[in-house]
Amino acid sequence: MIRAMSTQDSSPALTANDHLILVDGSTFIFRAYHALPPLTRKPDGLPVGAVSGFCNMLWKLLQEGLTPEEGDEPTHFAVIFDHSAKTFRNDIYPEYKAQRPEPPEDLVPQFGLIREATRAFSVHCIEQEGFEADDLIATYARQAADMGARVTIVSGDKDLMQLIGPKVGMIDTMKNKIFGEAEVFEKFGVGPDKVIEVQSLAGDSVDNVPGVPGIGLKTAALLINEFGDLETLLARAGTIKQNKRRENLIEFAEQARVSRELVTLKLDVPVEVPVTDLFVNHIDGAKAISFLKTMGFNTLTRRVAETTGADLESVEAAEFQVPGWDVPDHKGRMVERGEAPGGAEAAKAAGDLSPGNEGMMVPQTVADARAESIKAIPVDSSAYETVTSLDRLREWCDAAREKGYVAFDTETTSLDAMQADLVGLSLATEPGKACYVPLAHVDGEADLLGGGGLIAGQLPLREALEVLKPMLEDRSVLKVAQNLKYDWLLMSRYGIEIGPYDDTMLLSYTVDAGKGGNGMDELSERWLGHKPIPFKEICGSGKSLITFDKVPLDKATAYAAEDADVTLRLWLILKPRLAADRMATVYETLERPMVPVLARMERRGISVDRQMLSRLSGDFAQGMAGLEAEIHELAGQSFNIGSPKQLGDILFGKMGLPGGKKTKTGAWSTSVQVLDDLAAEGHLLPSKIVAWRQLSKLKSTYSDALPGYINPETGRVHTSYALAATTTGRLSSSEPNLQNIPVRTEEGRKIRKAFISEKGHKLISADYSQIELRVLAHMADIPQLKKAFDDGLDIHAMTASEMFGTPIEGMDPMVRRRAKAINFGIIYGISAFGLANQLGISRGEAGDYIKTYFERFPGIRDYMEETKKLVHANGYVTTIFGRKAHYPEVNTNNPNHRAFYERAAINAPIQGSAADILRRAMVRMEQRLQGSKLNAQMLLQVHDELIFEVPDGEVEDTIPVIRHVMENACDPALKLSVPLQVDARAADNWDEAH
DNA sequence: ACGGCCACTTA
DNA sequence: GTAAGTGGCCGTC
């Protein structure tokens, strides 16, 4: 590297004959990003529009110089970048640049590539922690000018205008505009030497420099021209005639002084690379071409080859230069156009691919080749570093910045992120290069003796986190984790908000939902052919289970660093699959953004009334005891009612009742269905059993168990949502599962009443009405259903009316009930068998209903047949937003299994599309509430329902916002041909809000 | 201690 | 007939 070759004192000082060009990297990047169409991509689908633009601009500048004039060539040249968001200015004024929006999602991964590009062109690439690019530019410009050299700043940033002087010029090459004293005067109304004074008064809304209220550029220039500088003005502010202006200058004098500090560029940055080292390097053609080939910039590659005389063919694209995205082998493994799915489309999308690109690699091949090459590198869990010094930790963070990405994993004392304590964390920057940072390991043996102190040699937790925080929050470093929601939630409790990020679990889920689990161990075996050290081997299980803080450091390092290493490798393999499988949009809109949304919902939790639950448990126990006595009396003996086996023996053996069905293990079935049938025949015992079971369920699963989930610190219940657990895209909830809180029976709703709002707040429940049937009406394009939804009709009554020809008014409730069961059946991939069971009718009769239904709604049958064809042909089906649900075994020869997968495949697009809509609403919800200055907090999701906690006074204003976001969740990606309807209510408890 | 099975809760 | 999670029982390790 150029920087490394330089020494502090080997280069001669600059002279009047020298010319230093300083390029403001940020200006280049943002111009390149916005000037070029976002489609410009290299063959594997990585957004590289900004990299491409940057390379072209840099190349043009290197070739053509600043102006057409001769003799303007630089002797010294560097591109200067911002290192990270936080600088010394934030210490002076925390709000500085605080409200600056995040850079676009697809630009973030390009920051690192652009630095690579700069080096590939043998150009000095300068950045320094704690300083903005502007400060480095200012310091270099001053130093060079002091030596007598000429300096040209290439930038469009007005903040740099204060540097303009006799020796220092500024030019915006992209706009072909030269800034001299005249231009500065035009912009600020003063010369370059007074720019700072004017800026400190006028402030800057973009950078959040406050200035003095009521004073803009015009007034500021007027005042400075009159008084000379800020201090003089402030000292004589009392003499100003205009009342408001005088008062503001006096009141906000200190704010103006702070502003002056903020806008004043540092001229004395202790630069790591001396200005004398910034001499122009001879371009290394092969190096530049290697990079450009990696990027797939064919036109520029050829141009550089022509100019430098390097041999285009002999230079290989750089392997691993840009892990995550690079082209592993540019020459071999070519794919004929159209051979791989989306091949031609991919070639078209890759805008920079020049003519003759039939042989260009398509994403599919890139991803496959990547998987092979990563798999070939063995995992060695004995080769990892244990980090025990802050210096080494800083070096790891620097390595992450250099790369632009880092795999990250935490080790803690609990699987529950709300209760876990951080024990250590691991990082990985390359396959095989990983470390573990132990922070809170204790001596496990001594614990028994009452000792158990911290093991010596570990970094102090706070100091280590201070080093890590800037990197973990650095927008130019992509953090890669497996199941990030856990780490995000944990780290948020330590004041760190991780971002930007990728999640390998979600990547796997996005491309492979339905193909198996998405846990790290399973993914490692699937993709790397490597079995990671099992957690059990480190911490034991069952009674011998120890927490991770008791694990000795060497074992902890092997286990933890391996996790980060494996995560990084999985990312290197799975990320390219997004492009290969055309799933990038699903991942970026429906998966990745859910992580912080769910983490915050889990962190908030919900209040439950412990006393109410305790009373309920007592009531249920009493009811059960009464029933138990009656049951034993009727049975003529005592037995365990909770044992289906014993119950079966009593009912069908001893009492000789007609046992209908058996379970698949051959035992008597004692399901409600069977017991209800017996009850209908006049037997007393079965209905008592059903009642007992209901109470037993309510007691054990809810009233007894829920209080145990109350977090002692927050006093609330924090469920955990699984993002990658279902085949269809639904979430699941566990520990406790808050998606199956009873609602159907009066007794059950007492449980729901125990979910309450905080004092001064209400719970709002907002649920979609018939979302799945609406989605079906849209997808299968059913005119009658669409019209019914448009007209706000009772959809089940309408279905009954269509099927049986009876008018909706005065309809027999039983007729409607049948239609309702059919509607649900349709969503579930109807079968005569299932419908017969549901309605208690014969299979023949059920078959007739289905036949009639399909005659009335032929579009539904078409949809079902089409879906079956698709799943057999592709092995997966898709939702309206492109999510895939795989059914790899649908082509089995077992007719029952085959029919089961077909029904699941019919259901998945319906259930999954509804789930997608919910996700879209959730991703947008928080921002929309905040934008409306509302304090509603989203707490729970129950498939078609969202629950919020809202201050009493805001209920009226909040409901319309929630409804609007939910009802318009498809916008702007998709126009649903059916309206979505959301019902919302507020109350003090969940039961009444629902 | 673990896992399969059954039953029951939700959308 | 779809999609989930939990608790109790009971056999196996």
Are A/Asp619 and A/Lys750 ion-paired here, with the side-chain N under 4.0 Å from a carboxylate O?
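The answer is no: the pair does not qualify as a salt bridge.
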
What's [X] touching, base or sugar-phosphate or nothing? Going by heavy atoms closer than 4.0 Å.
| X | answer |
| --- | --- |
| A/Ala914 | nothing |
| A/Ile827 | nothing |
| A/Ala846 | nothing |
| A/Phe900 | sugar-phosphate |
| A/Gly829 | nothing |
| A/Asn640 | sugar-phosphate |
| A/Gln646 | sugar-phosphate |
| A/Arg730 | base |
| A/Thr726 | sugar-phosphate |
| A/Ser733 | sugar-phosphate |

Looking only at atom types and distance, does a side-chain atom of [X] sit under 3.5 Å from a main-chain N or O of [Y], one as donor and one as acceptor?
| X | Y | answer |
| --- | --- | --- |
| A/Tyr876 | A/Asp512 | no |
| A/Arg920 | A/Thr589 | no |
| A/Arg898 | A/Asn893 | no |
| A/Asn989 | A/Ile756 | no |
| A/Gln482 | A/Met505 | yes |
| A/Ser614 | A/Arg610 | no |
| A/Arg774 | A/Leu980 | no |

Once the angle between the rings of A/Phe857 and A/Tyr853 is folded into 0 to 90°, is it parallel (under 30°), tilted (30 to 60°) or perpendicular (over 60°)?
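Correct class here is tilted.
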
Answer yes or no on whether A/Lys699 is positioned over the face of A/Phe620, meaning its NZ or CZ is under 6.0 Å from the six-membered ring centre and within 45° of the axis.
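Relative to the ring axis of A/Phe620, which defines the angle, A/Lys699 lies outside at least one limit.
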
Expressed in angstrom and rounded to an integer, what is the separation of [X] atom [atom1] from [N] atom [atom2]?
| X | N | atom1 | atom2 | value |
| --- | --- | --- | --- | --- |
| A/Asn896 | C/dG1 | CG | P | 11 Å |
| A/Lys699 | C/dT6 | NZ | P | 19 Å |
| A/Asp916 | C/dA3 | CG | P | 16 Å |
| A/His943 | C/dG5 | NE2 | P | 9 Å |
| A/Tyr863 | C/dT2 | OH | C1' | 11 Å |
| A/Tyr721 | C/dA3 | OH | P | 21 Å |
| A/Leu706 | C/dG5 | CG | P | 17 Å |
| A/Met624 | C/dG7 | CE | P | 15 Å |

Hey, could you give me each pair passing salt bridge (Lys or Arg N to Asp or Glu O under 4.0 Å) that has a residue in residues 661-673 of chain A? Not counting sequence neighbours.
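Found none.
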
Please write out the pairs of protein N or O atoms and N or O atoms of nucleotides 11-13 of chain C separated by less than 3.5 Å, giving the distance to one decimal.
none

Where along residues 734-745 of chain A does a heavy atom come under 4.0 Å from DNA chain C, residue by residue in number order?
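Output list: A/Ser734, A/Glu735, A/Asn737, A/Asn740.
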
On the nucleotide C/dA3, are OP1 or OP2 found under 4.0 Å from the side-chain N or O atoms that A/Thr728 carries?
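No.
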
Closest approach to the side chain of [X], judged atom by atom: which nucleotide of [options] is it?
| X | options | value |
| --- | --- | --- |
| A/Tyr828 | C/dG7, C/dG1, C/dG5 | C/dG1 |
| A/Thr727 | C/dA4, C/dG1, C/dT6 | C/dA4 |
| A/Ser831 | C/dG1, C/dG7, C/dA4 | C/dG1 |

State which residues pass ring-ring contact (aromatic ring centres under 6.0 Å, His included) with A/Phe900; sequence neighbours excluded, sorted by chain then number.
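Checked A/Phe900 against ring-ring contact (aromatic ring centres under 6.0 Å, His included); zero matches.
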
Output all residues satisfying ring-ring contact (aromatic ring centres under 6.0 Å, His included) with A/Phe755, sequence neighbours left out; order by chain, then residue number.
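A/Phe755 satisfies ring-ring contact (aromatic ring centres under 6.0 Å, His included) with A/Trp990 only.
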
Using a 4.0 Å cut-off to any heavy atom of chain A, which nucleotides of DNA chain B are the first and last in contact, reading 5' to 3'?
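The contacted stretch runs from B/dA1 to B/dA11.
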
